[in-house]
Amino acid sequence: MTGSLSVVGIGPGNQNLITPEVSDAIFSATDLVGYSTYLKRIPARPNLTAHQTDNRVELERAVQALELAYSGRKVVLVSSGDPGVFAMASALLEALETGSNKWKKVDIQILPGITAMLAASSQVGAPLGHDFCAINLSDNLKPWKRIETRLRLALKADFVTCIYNPRSASRPSQFSIVLNILRKTCESTRLIIFAKAVSTPKQNIKILNIHEAESEMADMSTIVIIGSSKTKKIKGTKFVYTPRFSG
Ligand code: SAH
């Protein structure tokens with residue numbers, strides 16, 4: 001008998017932001033597969049084997065999960081946030097499409113989670129109230145030129161733009177390029193939000209005009225939200241929003 005494979009998102013950090021559906025899947029799992037940082041957020045218990053992996057070997061992790069599920073285990077493949085947003089669901093389906101035909105017999109489900117941009121936006125108000133997009137700034141899997149083109153076009157289209165993976169030790173300078181583009185193409189009052197470690201004890205949120213923004217304000221636990229030309233702060237409150245109507 002083949003087992004099952006649930007690809008789940010455990011949200012941005014706070015336990016209360018894990019959906020009941022995901023909690024149930026974790027509760028009935030025999031095996032967890034995922035990046036060690038995310039697996040640490042799930043309490044250990046007897047009869048639950050945790051298979052910790054490095055963050056960079058997504059395809060290997062997907063194959064491991066498929067093999068375990070095929071052998072009859074109840075496997076949960078863990079991502080942070082939502083598994084379909086710059087995370088394991090896509091890697092899993094890539095492995096399913098290109099790998100062994102036998103894996104197609106595995107009962108696979110993808111269970112959503114609260115992605116970082118939604119957790120961040122609710123902390124500041126409603127910056128995603130009108131049209132928006134999300135860009136992953138990591139050039140591990142795509143050329144930098146494409147990222148830059150997408151950013152420029154998103155700004156031109158006046159989307160609110162959420163930036164995942166803005167800056168890491170191995171890519172310290174790309175976010176500076178983003179800030180330079182913003183300073184050249186947007187009005188100086190344009191809002192930018194740095195939301196770090198949202199929903200965790202280390203949460204730190206800054207709402208700034210672009211000329212106040214510095215590259216060092218972003219790291220790998222930060223999501224950056226660049227407002228559209230309509231995104232504004234309500235005076236006398238902590239709230240930022242993008243109106244639902246747009247001229
Ligand atoms: N699947 C995840 C995203 C994985 S990419 C999701 O849906 O949220 C990892 C990036 O997500 C990080 O570099 C950061 O930009 C963002 N991120 C994840 N958790 C976050 C949090 N708690 N606070 C702010 N940003 C977060």
Side-chain angles (χ1 to χ4, degrees), residues 6-19 21-22 25-26 32-42 53-59 61-62 65 76-94 110-125 127-128 132-142 147 150-151 154 160-175 178-179 192-208 213 215-226 240:
S6 300
V7 190
V8 311
I10 55 171
N14 184 327
Q15 295 288 329
N16 291 337
L17 298 182
I18 300 178
T19 69
E21 183 182 49
V22 167
I26 291 171
L32 298 178
V33 179
Y35 176 38
S36 51
T37 309
Y38 305 147
L39 292 191
K40 275 188 205 132
R41 281 163 49 186
I42 298 171
T53 57
D54 186 75
N55 203 14
R56 289 186 172 248
V57 291
E58 290 187 340
L59 216 51
R61 208 183 305 163
V76 167
L77 180 56
V78 181
S79 286
S80 74
D82 180 89
V85 179
F86 308 131
M88 283 309 299
S90 187
L92 188 272
L93 295 181
E94 192 184 323
I110 296 165
L111 309 183
I114 296 179
T115 187
M117 69 180 175
L118 300 186
S121 71
S122 68
Q123 289 297 309
V124 296
L128 309 184
F132 64 90
C133 65
I135 299 178
N136 183 347
L137 216 65
S138 166
D139 62 353
N140 287 342
L141 301 170
K142 61 189 169 184
I147 300 173
R150 286 191 177 148
L151 174 72
V160 171
T161 304
C162 303
I163 300 197
Y164 282 76
N165 291 310
R167 191 167 172 271
S168 72
S170 59
R171 296 183 289 107
S173 59
Q174 289 162 349
F175 190 66
V178 171
L179 288 182
I192 182 166
I193 298 156
F194 292 86
K196 184 179 162 72
V198 176
S199 88
T200 79
K202 291 184 181 156
Q203 174 170 311
N204 182 350
I205 296 186
K206 292 185 174 69
I207 302 169
L208 305 168
S215 174
E216 296 69 30
M217 291 172 179
D219 63 12
M220 284 306 273
S221 62
T222 307
I223 183 151
V224 178
I225 302 179
I226 303 162
V240 169

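Side chains are part of it too, since the values below use all heavy atoms of this structure and drop only hydrogens, waters and symmetry mates. One-based numbering, in listed order, for ligands and for the atoms of each.
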remark   = In this structure, atom 2 (C) of ligand 1 is nearest to the protein heavy atom S80 O, 3.3 Å
request  = For atom 11 (O) of ligand 1, find the nearest protein heavy atom and state the residue, atom name and distance (0.1 Å precision).
outcome  = Y164 CD2, 3.4 Å
task = Return the residue, atom name and 0.1 Å-rounded distance of the protein heavy atom closest to atom 22 (N) of ligand 1.
result = P12 O, 2.9 Å
task = Give a yes or no on whether the backbone of D82 and the side-chain of S79 come within a donor-acceptor separation of less than 3.5 Å.
result = no
ask   = Just wondering, do I205 and K196 contact through their side chains at under 4.5 Å, heavy atoms?
value = no
query = Do I18 and R41 have side chains that get closer than 4.5 Å, going by heavy atoms?
reply = no
inquiry  = Checking R167 against T222 for the side chain to side chain donor-acceptor pair (under 3.5 Å) test, could you report, in this order, the C-alpha distance in whole Å, the side-chain angles of both residues, the deciding distance, and whether it holds?
reply    = CA-CA 8 Å; R167 191 167 172 271; T222 307; over 6 Å; no
Winner among A120, A116, A134 once heavy atoms are compared against atom 16 (C) of ligand 1 = A116
task = State, yes or no, whether a side-chain contact exists between I26 and I10 at a heavy-atom distance under 4.5 Å.
result = yes
remark   = Of all protein heavy atoms, the one nearest atom 21 (C) of ligand 1 is V198 N, 3.5 Å
ask   = Tell me: protein heavy atom nearest atom 15 (O) of ligand 1, and distance?
value = T222 O, 2.7 Å
message = Can you confirm whether C162 sits close enough to L128 that some side-chain heavy atom of one is under 4.5 Å from a side-chain heavy atom of the other?
response = yes
Residue and atom name of the nearest protein heavy atom (relative to atom 5 (S) of ligand 1), distance in Å to one decimal = N165 ND2, 3.6 Å
task = If you have a sec, work out which protein heavy atom is nearest atom 4 (C) of ligand 1 and how many Å separate them, to one decimal?
result = F86 O, 3.6 Å
inquiry  = My understanding is that only one of V76, L32, V8 makes a side-chain contact (heavy atoms from CB on, under 4.5 Å) with I42; could you say which?
reply    = L32
note = ligand 1 atoms nearer than 4.0 angstrom to some heavy atom of A195 are 24 (C)
request  = Looking only at protein heavy atoms, identify the closest one to atom 13 (O) of ligand 1 and say how far it is in Å.
outcome  = M220 O, 2.6 Å
